[in-house]
Structures are given as C-alpha cells and as structure tokens.
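Here is the naming used below: chain letters follow the sequence lines, and residue numbers restart at 1 for every chain.
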Amino acid sequence: MAIECLVLGAGQEVGKSCVVVTINGKRIMFDCGMHMRYKDLRQYPDFSLISDSGEFTSSLSCVIITHFHLDHIGALPYFTQVCGYEGPIYMTYPTKALAPLALEDYRNTFERGGEKAQFTSEHIAECMKKVTAVDLKQTIHVDKDIQIRAYYAGHIHSHRRPSRPDRSERAPTAQSAPRRRPTYLARLTHVGAKPTSIMATLAPGAFLTTLLHSTPLHPKVLGAAMFYAKVGDASLVYTGDYNMVPDRHLGAAQIDQLQLDLVISESTYATTYRDSKYVQEREFLKAVHKCVTSGGKVLIPSNALGRTQELCLLLDDYWERTNLKVPIYFSSGSTIQANLYHKILINWASQNVKDTHARHNALDFKNVRSFDRSLINAPGPCVLFASPGNLNGGFSLEILKHWAPYKENLVMLPGSCSNGIIGSKLMSAKIPTQIKLDENVKTDVRCQIHKLAFSAHTDGKGIMDLVTFLLPKHVLLVHGEKPKMAALKEKIQSELGIECCYPANNETVTIPSTHHIEAGVSDAFLQSCMAPNFMFWKTNVGSDERTPPILQVHDDRVGQGMLTLQNPRVFTQNELRDVLGVENHQVKFAHCCSAAYDSEVSNAASDWSPSTSQKNSLLQLLFGLVSGDFPDCIMHDCQKGIQVGSFVASLCSREECPSSNADALHFRCTWSVTEEELAWKVISLVKNVKLSREST
Amino acid sequence: MEQRLLAAAAAGRNHNQFPKSLNAFVSLISNPCTSDSTLTTTAETLISHLQSPNSNHQQILSLLSALSDHHPRLRREVVAAVKYFILLPSITIPALSHALSLLDPADSAALDLFSDESLFLTLCFYECGKIRKWLLRNVSIFRVRPSVLLTILLGFTMDPFPYIREAALDGLVMILNDGVVVEDRSLVGGCYFRAAELLFDADISVRRAAVSAVSEWGQLNVASNPDEYKRDLSDALFLQLCVMVRDMDVEIRVSAFDALGKIPTVSENILLQTLSKKPLLSTKEKIYPGQYTEKLSNIPATAAAFAFLHGLGDDFFQVRRSACRALQTLMVPSAEFACGTVDILVCMLSDASVVVRLQALETLHCMASHGHLKVAEYHLDMFFSILIDNDALIRSAMRKTLQFMKLQKLAMFRSCIENLIKNLELYPQDEADTFYALYRIGCSHRKFVIKIIQEVSQELEPSLDGKLGFNKVKSAGLFVLAISAPVSLERKTSSVPPQIFSYAVTLLGRICHGLVDVVDENTLLSYLSQCSRFTFTSTSENIEGGLLDFGLKYNRIHLHEKSNEVSSPSKTHGPSEFTSPLESHVKSVSCVKTIFQKIVDLWPLIQLGCMNEVARTLRSLKEETKLFTRDSHRPEGVIVFAMNYIHAIKLLGNAWAYSLSMTNLQLKGMGALEYLLGKMERGLTEMLYRYVGMTRNEELHILELMLVTYAIRLACGDTCHFEEYMRKLDFVLCSIEYLYKEGSFEISRFVTDLQNVSREIGNSEDKAVDMPYLLLNSLNLFSLQHIMLSGELKHLDAEVDVCGNDFRKPLPFVPGLPVGIPFEITLHNISSEIKLWLAISVGERSTQFVFLDLNEFGGSDEIRKFKFVAPFFRTHRVKHLVLKVSIGMESSSENRNLKRYNGPKHELIYLSRDTEVHLSMVVR
C-alpha cells in the first residue's frame, strides 16, 4: 500500500497551499489556497489534475482547511462554486467564523482595483454553508474509512506576503475607516452583552464583514490547526502553518504522539534559528517606557486582528506591574471589536490567557480605552494603537502627521514593511528628516523610531522538534523555498534517519505506507502471549566499541508465533500440524546390519535359517548383550527387535535380501537424526558380536 | 431467631441459593448477641463456600472479612482459609486482591505467605495482565528480595500493556527510593537504558514514569561507574533528559526540567549549548550513548540546543518555574553559563505568573550568592522596575537579591538607591525591609555611599526656617545609607558629614525597626551619637571596618531559601516578636539542619577545589548561625556544634584543596597542610567529646571525618608521624567497628576501603611507598554525607576566672613557696562522673594539674558554679609570674596512656579558654 501525494500548490514555493493525498483509495485535499502574485487563474491550484472530467465531488472524499489565510483558503469558493465541488469541507470553528471575512475582504480589495474576482459574495456564503466546523481533538468520521482530527497549531501571524496590494488599492480602504465606524459600534452595543448571541452572529456573512472593510486583515491566526488523517492503517499529519513557541496570546502547537507514515510540514523558515522572544519584548517595553516617562506619545500602527492583542497583553501587564497611569488607546472600534472575538474564542488562546481567564480575562485590558480624535493634540503622554499597520494612509498616518515632528514621541514600526510605503521609508530614514506623505505634503520627522521584530512561523528548530516528536516514516516538505527545503531535508535525513522529499508543484510522490493484516489467533498463542516470558542478555549498544556491553531485556512472547498467510492466523509451534492439516514427517536414517551367530546354536538341520523360536532366543541373547552397555535398552514390538532411544533394530524377514547370510541375524535399523551417534554405537556393537549359547 | 437465621444461612449451602442466605449471614455476623457455636458454624459454612469454585468469592470474602473484624477470635481460621484459597489455581483476580487485602502482612499467620517469594513469582507469571498490575502496585506488602524484585520489574518493562510498563518503571524508582543498593554495574546500566528506551513510548503515562526512572537510574549509573567515565555519563544523562523537554505533555516537560536540576555536574560546553539553537563548535561532533529517537541509540550533543530557553519560554507556568529552578543548581559550577542565563532570567521578571517571577528572583538570588550575577546596565531598568512591582512578595525577594549585587558603576548604584527610595515612597509598608536593603547594599558599596551622601548632604540639611525635612521618606532612606558609610572608631573620623548622624537620631525608631537584625536600638543610638562627634574626612580610602559589630547579621535570608515562599525578614523578626525558649530551640535546630544540608551541597565544590566559593558560603552560614547566639547569653549546644562543624568543614575543604594539587605540596611543603590538619584534628576531637547526647550516627560522622584527616595526612607523605597516625587511624577504625556492632547503620564504602587498606599496610613491607597511593584511592571514595541531628546536644563547657585579677592587680606570692589561687569556676552540663583537671602552666613546658572532685561542689549537672582555691607549687624565683589556667576533661576513650605523675592518665580535652593569672612577688 502507498500514499500518493499530489502537490497542487506550495511545492517549493510559498503560496497557494494545496496538497491532494490519496490513501487507500480515498482522496483528501488539504488546504485550497490562492497565490497572491497572480490575478488570473494561475492564482489557483490546477484542479484539472484531480479529475479531467471535472467530477470533483466523486473524486475527492473531503477538503480540509487548516486556517483562514488566503494562501490556505483563497481558492475554496472558486473550487466549490465555480468548479462544482459538493463534498464535505472541514475546518475549525474560528476558521469558519473568520474565513468568510478574509475572503470577502480579498474580493472587495480586488474588485476595487477595477478587476473582477473569480467568485462573488454569494459564492462565499454558499461555500461556507458546506463547511463542517470541528473542535480540537475531536475525531470526525468522514466516511466509514476516513478519520480526521484537528490539533492546535498555534500559528502566530501571517508570513510576509509575496506581494501586497499596492498603495492605490489600499488607500481608499483605510481611509474609509472613520466613516464606517458607527455601523459596527452600533452592532457592538447591540450584541455586546451576550457572548452567546455573538457566537451566533459569527456565522458567515454576518455583520463582521464591515469590520474587515475598515481594517484589512493581516492577522495573527486564531484557530489554526494541524490535521491528522487516517484511512485504514495508513495515517498522516498535515501541519498547515504552525508555531512551536508560544507567545503571550497564542500557545504552541500541541499534538499527540501518533504512529504516522507521513508528515506534511510547512517549511517557510526551514533554515532560520530564531532567538528568544524575551529580548524582543524587553526592547519593546523599554522603548515605550522610556518614551512615556519622558512625557512623549507612542504610536503603534497595527491592524485590528494583527499584533494588537499580543502587544496589548504585553503593555497591559507591564502597566499593571509598574503602576503606570499613562493611558493606552485603541484608535477605532475595530480593534475593540477584534478583542471581542478573541475573548469569545478564549479556548484557542495561550495557557496564560486561559489560566487567568477565571479571574479576569486578560483581553479585558484594564488600561485600554477608546481613542477620540480630540485627544490627538491633548497634552501628556499616551500610547495609541492605530490601523493600518503599515502607515499607508488611514488613521495611523493621520496621527503620524501630528506626532512625528516632536522628538519626544515614538513610532513603533512593524517588523516588515513592503517597499515604497511610508513605514519602510521611516525605517530606513535618518532622524531628523522629512517624509513625503503625498505628492504635495511633506512632514518633518523628529520623533524616535523603534522597529518591532516579533517572530512568525516556526523556525528550523521547531520543525525538527515536531518531526523528532512525531517520528513519522516519511516527511514531505511544502510551503517553503527550494534551497531551504533542501537543507532541511538533508538535516532530517542525516539526523533522524527519516526519508524526506519536497516535490515541486503538480508533482506526485508515492510513499509506502503501513498495511496491517488482520489475523486470527489461536487460544494457545493468546495464552502464551499473556504470560510474561522475558530473558536477559548483554549486547553492545551504539557504535562505540569501548563502552561495555549493556544488559538488555527481551520479551519474545509475541514473536514466537507462526503466521499462516492464507486466511491469516497466528498460532504456536505446537499447533502447526493441526492447523495445516498435514501429517507429521520425520527424517529417519536406516541401515542394515547383521549379528553373526554360531551355527551350533541352531540345529544342524538343513534348514539354513533359524526357526522363529530360535530367533527369539537369539534375540534374547542379543538383548542381554546390548542392555549391558545401554541400560535403557528395551525389547521391542513382540520381541521382533530391540530399541534404544529412537534407535530401533528389528529383525529383517526378507529372505531375498542380497546381504542375507546363513550365519547371521539380519536387522533393519532405523533412528532419528538426533541420535545418530548412539545408533552407530549400537550398530557397531551388534556387528561385532557373535552370538552363541555360551555367551548366555 | 438465631436458630432460624442459621437455618436460613445453612440453606445457602446449595450454591444456587447462596445469594438468598446472604442477608442471614450478615445478620448473624453483625449481631453481637450471636452465640459462639452459631458463629463457628457460620464460619465453617462460609469457608466451605469459599473453597468451592462456583461460588461468588467476592461476597464470601467480604463476609469473612466482616466476621474476622467483629469476632477476632475467629480470625485465625479465616486467615487459614484465605491462605488456602489464595493458592487455589482457579482463583480470579478481583478475588485474589480481595483475599490478599484480608491478610495483614504484619500478622504472623500471614507472614509466611507474603514472605514467600514463590507465591509472588507465581502470581507475576500468571497469564492475566490485571493481576500483574495489582502486584506491581502493591509490591510493598510482599517481602521479596530486592534482587528478585528488580529482575521482575526490569522484565515487566517489556510488557505489552502500557499500564504494566508504567507500574514497572514506578517500581524501579521506588526500589531506589527505598534505599536498596544495587551494585551490579551492568544491571544499573540495563535499567537505565531500558528506561531511556521507554522515553519514546507511545503512551504518555509510560513516558512520564520513564522520565523519573531515567533520572534516578541515570544518577545511580553515573555514581556506580569509575571516575573517568563519570563526566561523560553525567553529560549523557543530561542530554537524555534534554530530549524530553520538547515533549508535548506538560507534566513530562516539568519532570524533565526537575530531573535536569538534579544533575550536579554537567560539562560547560553542553550547558552553553542549551542557550543556543545553533550547534556550537565545542559540541558539534560529539555523541553520547543514549536514546535519541525510538531507533537511534546515540545522542548528539546538539540535542541540548536551546533546551532551557524553550523551557523558560514555555506556555505553561509550571514548566517555566521548573526550568528556572533547574538553573539554580546547574549554574553553580559555570560562571559563563550563569552569565548567559541572566539575560533571560531578567526578562522572566516580567512574567505574567507571580510564581515564575518569584522563582526567577530566587534563581537570581542564588546566582548572586554564588557570585555569578553580573548585572549589565541594560538589565537595571528591568531589575529596578521590579522594586516597584505591585506584589509585595516580589518586591521583597527583589530587595534580597539586590543585597548581593555588585554594581560596577556609580550610576548603577545611584539608580539602585533611587529606585529603592521610590519603592519606599510608593509602598510605605515596605519601610523596614527597604531600610535593611539600603543598609546592606550600602555596606557592600561604601565608596559609592560616600559619594552619594556627599552629593545629597545639602538636601539633608535643615531648611532656612530651621525645620528638618526628615519626615520625608527619602531623607530617612538616605540616613540609613549614611549609617552604612565607613567611619573609623579609633581615629574618630567619618567619611560623611557627622551632623547627618545626629539628624538620623531623630528617626532612630524607624531606622532601628529596619535594622533590627543588625543592631538594637541602644547600640545604634550610642553609635550615632558617637559618630556625630567625629570629624569629617573626605578622603575615605583609609577608613575601613569600624562598623560597630553589626556585620554579624549578614544575609539571614539564606535560611529562608529553602521555604518556597520568600518571606520578608521584617515580618518574621519584628522587634515586638517574642519567642519562647522551646520555640527558639526548635527554630535553631531546624536552622542547623538547613545549614547542614547546605554544607552537603558544597561537597562537589570542595571536590572541585573551588574553595573561594565554599569559604564564602561557609562564612555566611557561620554568620547565620551566630544570629542564634544573640538572644540568650549562652548559645545552645546545637548552635555551638554547628559552628564547630562549619569550621571543621572549612578546614577540611582547605586541606582537601591543598592535598589535591601535589605541586602545591611540593612547593610549600607539608607545613601548611599539617597545620590545617592539626587544627582539624583538635576540632574534631573536641566535637567528639565535648557534647552529650550525640547519637551513633553523629559520632560515626565525626569519626569518619577524623579518618579523612588522618588519611590525608598519611596520603600526603607525612612520614615523620607515620606510626603515630597509623595507630590513631586503627583506633578510630576500631571505634567505628564497635559502633557498627551496636547499631544498625551502614558503613560507608570509604570506611570499608580504609579498613582494607589499613590491613594491607599492616602486612606490607614497604609501608611508606604503598601507602599514599592506597590511601588516595580510598579518599576518592569519601563523600560528605548529611549529618543528621537527631536530638538535643549539650555542650560541655567550663569557665574559669580569678576575680579581680589582671596585670595591674596581681596576686601576691612568695617565690619558691606554694601559692593558693582563688578560682571562680562555672561548669555547664558536666556530670560528676567526669574527671576534671585544672591545668596550671607556666611557660610552655611546665604544667601542674589539680584534680577537681565534682562531688565536693554543689550545683546541678546543668550548671555548677563554685569557688575553689587551687594550690600552685612551682613558683619560680621571679618578680612576676603569669600562669595560664584552663580546665580539661580526661577522655576515657582516648587510647593513649600518659605516664604522668600526679596528673591525668589520659589525654585532656580542654573545656575552657586559657585564663591568665598574674602573680607578683610580695614586697616587704
């Protein structure tokens, strides 16, 4: 049996994750992402490779989505609504709640650019109706053969995008923020009191879409999951994007030790080794603290669902500890709205947040309040979170205009900004300077600039740790750059001895998988299995010859059975004959020998052969001789021969025997293999004997 | 009624009807009025049921257990029946465990059953897995030889059932915890590697059990191997556990870090690797034996990569705390590693969990007390922000850590003081504790103190309108700081303006409250008023010391380290606190116990020759001990004992370090070492004889130390005193043997080896050549054990005085004639059986002994105070004579017989200090 992996996307590249796996005749599609670099059909995986006829529903058993990033879910509405896939789709609850928002946002942005997206809002809504939401560690039986289970993946935030929509596309979005605010604030007051009703409203296509219009999503991923799938005996884990290190808000990936044939892992940062997060946190807090204590204002441009929660947790905690009374503001209701989300989905947060949840929800920021435009020029220090994160217009840019000219103020820039936008200009600028905000508008920048450097996906060590923990038979790398993947493959193979590959897009790799055969067991075998049967011996362990051998314990009770392949059944050695229904064959040796006797003994009559009674008496004589040397010798079978152990010498009655001799008793000797030595001893004794009356 | 019930019960003879008769049985058994004959019949019926294979054994056993509980006289029959029942081949598991629970292992009737290994073994090899589990979980009720048990447990680690593997691993750990000694090295290795294999079990509970098994057996494996492998094996164990710190199960991660913290010695390069993700050059190619994955049986040294940082950044606070705690032990030997962790530990101070913050502080504190805490300037912000933390415990722990910190720059010191004062301003409730911290940190940074006080002295002056701004908290803090500034009592100069001391007097009460551990109010007042009259010198370099006597109360937090929560000294030692003598005794005993434990922890350091560290710690321990001498004018026996012990260990450490390096010996000769050993010998002898109430264990411990002294001396080639010390050695060995015969304790390997060596040397011809080598070998076996204080120790003590006598007021004497000297003698804890001698000596040589018959003087054993006029015969023909007098006790057990005329027959153990008596010729 084998697992066939068809990589439709993210093979040796980052973008449009999509892997179709065929296990034991069942086909599962993991992720259905789009590539942001293209605007035509190239942005989608080549679905025709799944089925030429376009009959996707029958050729796929199910689709599994790991999280709501567009490069993991972007092609889903197209696949279901345009290509016509009707089968089951699985994702976690938060993903199901957030996915339509992400898709809708993408569609809007795209269409605002004057182009037509491949799917419509209706498509998204219809598509989401087909989705089945799953819980973590809940085993789902897709059909009678397929089992899937989701594990927490703790993905931190989106990886850097290969391309962002450029400024002309983004600007109107951001600037529309203030105008739209009243709508969802009203919604917020409407639902704020009852979390359950919010849960209900989280259904696809609900009010939250508005939120995304105002703040494009570049979120930290709530609800990212790894998926375990098992068909028959073959099983695999598809990781999606994950992180092995927890942060303040989301925990680290968490999975059981499973018997796996294959792990399909992302490898975005395959060769990166990231340092401890503590240092970055410290730098951040130190900078903020220094600024506010000297009376400055801190601007943190960030997106609603972005790092805001993470940074807020950090600040709020710090404020608590150090008794700082400086106000922290959220620029818009959107961030407050996003916090609401996170509060509802508290189960998906990190252990810390969960632990303290009973006392107070860490996301109920004590020191955080909503910002009012009148506060822009209010005296005194403050910290402000304003969207969008890249300072590319909108509220954050407006604040920047006001605050940048004063050198006591501080602007926190996100770790990565695309070229050409104001964020990146600020990052590379030498302070003081002038920044062109617009064709005509310039502003002086004298404020301090601090760069945030928080980590994204898991790094190389994290991937190795996960693989070491899971110890699958094979590893397949996707979602990374080719040279990095090659380096990681080398590492996995040399360090762990696990086969590893990283196919390109549209390639298929076949991986051997486990196949269990069900076999019956006999009662005797079962009994022998139940009782301990261990033994000890010393062996050398490891390659080092100098180390002394180590005492090892072995318990071979399971291994000592026999297996028949037809109608598989395990039984013990003793039962072999019965099971096979055959006779017991024994290998025996045979030999003719004779014991000479004195012809005087027999009567002198012409009859050359002795009579039966004479034979018997001769035999008696012989028996007496032999038993002198071999005490366990017995008379055998109505006195026709003698027996020592398995050695039997019986009188030969064949008269036409060529070796027949008048003066000898002829014996036909047989013995089993094991007693050859004994047999020859007896034979030589018999041969050398001369029976006579006197000898009695 | 009884008859009817009996009939009903008897009807149950038929097995099918048994359930119906159950109630009748219960009534008969529980009714106290049931007649004996009926009960006997009942018992017989039940026993016959028990033996039939078809009945419900569980029910019958319950009834039998009730029967034997209610009517103890029937117990014998019941037990006999149950014993028979257990050995039936048809027994089922629930019934078996039930039946076994009926038998009391302490019961003599059941004893043979439980001490019967064959029953245990038979049960072990039953085909049923459940019974094995039951057996493994209840293994303690069977008396099975440890060797058999160990084999069985090791075999069961291969069982297909995970719960049996888990129970077997738990059993392996239990065996070690029960103190079973496993000497077979290959068996130890076998257990260790089998446990290591199970670290990769698919079952979480097995992995959990395997972690602790690997830890315990790994340490035994390290210990049981020859020295040259120890380091590698210890490293291998460390790496083996490092593999587990990335497990997905929280408990496993926690226990992995706990186990890591128990490994005493790890190579520095591996420790450093735990701080870096990238393979370091020093560890890149190294591999160690162990289990890396299920199949790979060699661990690369890089497996340790980032282990600690993962742990410190874990999602679960339990793991973070455990990782933090593990650092506490691991950073001791390596300053570089400690340095590397400081960065992260400082960041941990902002952890969301209070427990973790406290643990991080404790680790930092521990680091500071080992002198590894190097604080960089960029740490300071974080450090000092902790001083204004909301949590009182955290602030208090931080202040304690601060006291040990060595700040390199004035700016750092200034910011530290500023933050302490800020702490004071924000949290007035911390005042006492903060004052103490200010004082301590001031003491260790005196030059900075002088600068700061000089800077701010203007602020401290009264304002123009004559009002002192002393109510300001800041001034109070600065005054405390000023108190810590150096002054010279002799030259009456101080390094800070003297008027500050007089201002400080106005806050005497508050300051005193803070410094209660250091000084009492009167002393402080006199100190302050004295200092305020001093002259001010700005050149402060030559002013050293002169700080009252309050350096004594150094770092008492050490004592609180053990307890998990860090308590603030101001709370526990407030001035209003009153402790009863008993309470204080308990306190001092527990304190001494802690101190002894700490001393044991120092042993690895002594072995490594890090005497600076050891001396520092011992000093602080000594000072801690001294704290207990403050309350009463006579310290308790335990405390004196502890002081002596600490001193002895210090000498031992020095001697050990000295003997370690032979080059040292060659360069400096035996002289210094001999001096150390001589001192140690005297100290140990005193400890041996001057305490009443020592247990055998304590005695043995001291005797063992004596052996070490002798062995070092002999091993280092002290040929001059060879015979003498061999004799002493034999004598001590005999004493130990004697003790051993009396008691039931183990003799250490060191002693047994030394016994062999002494025998061998006795037989050897060329003694002086063989000896050092053999002795060094046995010395290597020595390791300092924890000395257990079991009871109250009474210190035998004596004071001798001649009242009113000093060099100005000598006693008159006539040269050549005897003179009577009136002594005032105080004896503590000396019973009348003890032979006491007054030793009066003139110069080095001539000593005269006077016997003190205690029966003549009154008083109790506890304290005896009397006057005694002793004659002194050998007055020289000089004008002035100085006699040295001391009281000695004749040690009955010392082997040497002194041929003295009119003097003690045995060696004297001196109980008092030398007192000088001045005599002057009578001038006519």
Side-chain angles (χ1 to χ4, degrees), chain A residues 244-246 248 251-252 254-259 273-279 281-282 285-286 289 313 317-318 320-323 350-352 355-356 362 459-461 465 468-469 471 495-497 527 529-532 534 536 538 541-544 547-555 557-558, chain B residues 124-129 132 151 154-160 185-187 189-190 193-194 200 202 204 207 243 246-248 277-278 287 289 292-298 300 305-306 309-310 312-317 343-344 346-348 350 352-353 378 381-382 385-386 388-391 426:
Chain A
M244 294 289 281
V245 188
R248 294 222 166 208
Q254 165 78 42
I255 194 166
D256 296 331
Q257 197 155 47
L258 305 154
Q259 301 283 329
Y273 290 98
R274 231 175 270 122
D275 208 345
S276 164
K277 193 168 50 67
Y278 283 111
V279 185
E281 284 186 8
R282 185 178 61 201
L285 289 174
K286 197 176 149 189
H289 186 112
L313 277 168
D317 186 48
Y318 187 72
E320 281 295 294
R321 278 190 291 109
T322 53
N323 262 324
S350 74
Q351 201 56 36
N352 253 330
D355 282 348
T356 51
D459 62 356
K461 172 86 164 68
D465 283 341
T468 315
F469 180 75
L471 277 188
E495 276 186 26
L496 301 174
Q527 289 220 323
C529 277
M530 298 301 283
F534 44 77
F536 301 91
K538 284 190 172 186
V541 169
S543 55
D544 198 351
T547 52
I550 288 164
L551 185 77
Q552 283 196 304
V553 53
H554 296 263
D555 193 339
R557 57 183 121 158
V558 184
Chain B
C124 276
F125 289 93
Y126 263 26
E127 279 155 15
C128 175
R132 284 202 291 283
T151 321
L154 183 56
F156 281 166
T157 58
M158 286 300 290
D159 206 277
R185 209 190 300 160
S186 70
L187 188 59
F193 283 105
R194 180 63 199 139
F200 301 91
I204 286 188
R207 293 209 300 276
V243 173
R246 291 299 275 156
D247 198 279
M248 294 283 176
K277 268 190 188 175
K278 289 188 183 133
I287 50 166
Y292 186 39
T293 66
E294 210 178 339
K295 285 173 194 137
L296 300 177
S297 57
N298 276 320
F306 222 60
L309 293 189
H310 278 312
L312 295 175
D314 199 275
D315 203 3
F316 289 80
F317 77 90
D343 251 8
I344 304 300
V346 171
C347 293
M348 301 286 289
S350 65
S353 152
Y378 63 89
D381 281 342
M382 184 60 92
S385 69
I386 294 290
I388 43 175
D389 194 283
N390 263 340
D391 196 305
L426 279 173

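Using a 4.5 Å cut-off between heavy atoms, B:Leu154 contacts chain A through both its backbone and its side chain. B:Thr157 touches chain A through its side chain: at least one heavy atom from C-beta onward sits under 4.5 Å away, while N, CA, C and O do not. With a 4.5 Å cut-off on non-hydrogen atoms, A:Phe469 touches chain B through its side chain but not through its backbone. Contacts of B:Phe125 with chain A are made by both backbone and side-chain atoms, with heavy-atom separations under 4.5 Å. Contact annotation for B:Leu187: both backbone and side-chain heavy atoms come within less than 4.5 Å of a heavy atom of chain A. Heavy atoms closer than 4.5 Å to chain A are found in both the backbone and the side chain of B:Asp247.
Expressed to the nearest 0.5 Å, how far CG of A:Leu496 lies from OH of B:Tyr292 amounts to 5.5 Å. With rounding to the nearest 0.5 angstrom, the CE atom of B:Met248 is 4.0 Å from the CE atom of A:Met244.
Looking only at heavy-atom pairs under 4.5 Å with chain A, the residue among B:Gly189, B:Cys347, B:Ser353 that has the most is B:Cys347. When each of A:Asp465, A:Asp317, A:Asp256 is checked for heavy-atom pairs under 4.5 Å with chain B, A:Asp465 comes out on top. Note: A:Asp459 leads A:Leu285, A:Thr468, A:Leu258, A:Asp459 in heavy-atom pairs under 4.5 Å with chain B. Contacts with chain A were tallied for B:Leu309, B:Thr151, B:Val243; B:Thr151 has the most, counting heavy-atom pairs under 4.5 Å.
Looking at every heavy atom in both residues, A:Tyr278 comes nearest to B:Gly313 through OH-CA, 3.6 Å. Nearest approach of B:Leu296 to A:Glu495, heavy atoms of both residues: CD1-O, 3.1 Å. When all heavy atoms are compared, the tightest approach of B:Ala202 to A:Gln259 is CB-NE2, 4.1 Å. Across B:Glu294 and A:Leu471, no two heavy atoms sit closer than the pair N-CD1, 3.6 Å. When all heavy atoms are compared, the tightest approach of B:Asp314 to A:Pro246 is C-CG, 3.7 Å.
Ring geometry, B:Phe156 versus A:Phe534: the interplanar angle exceeds 60°, so the pair is classed perpendicular (tilted spans 30 to 60°).
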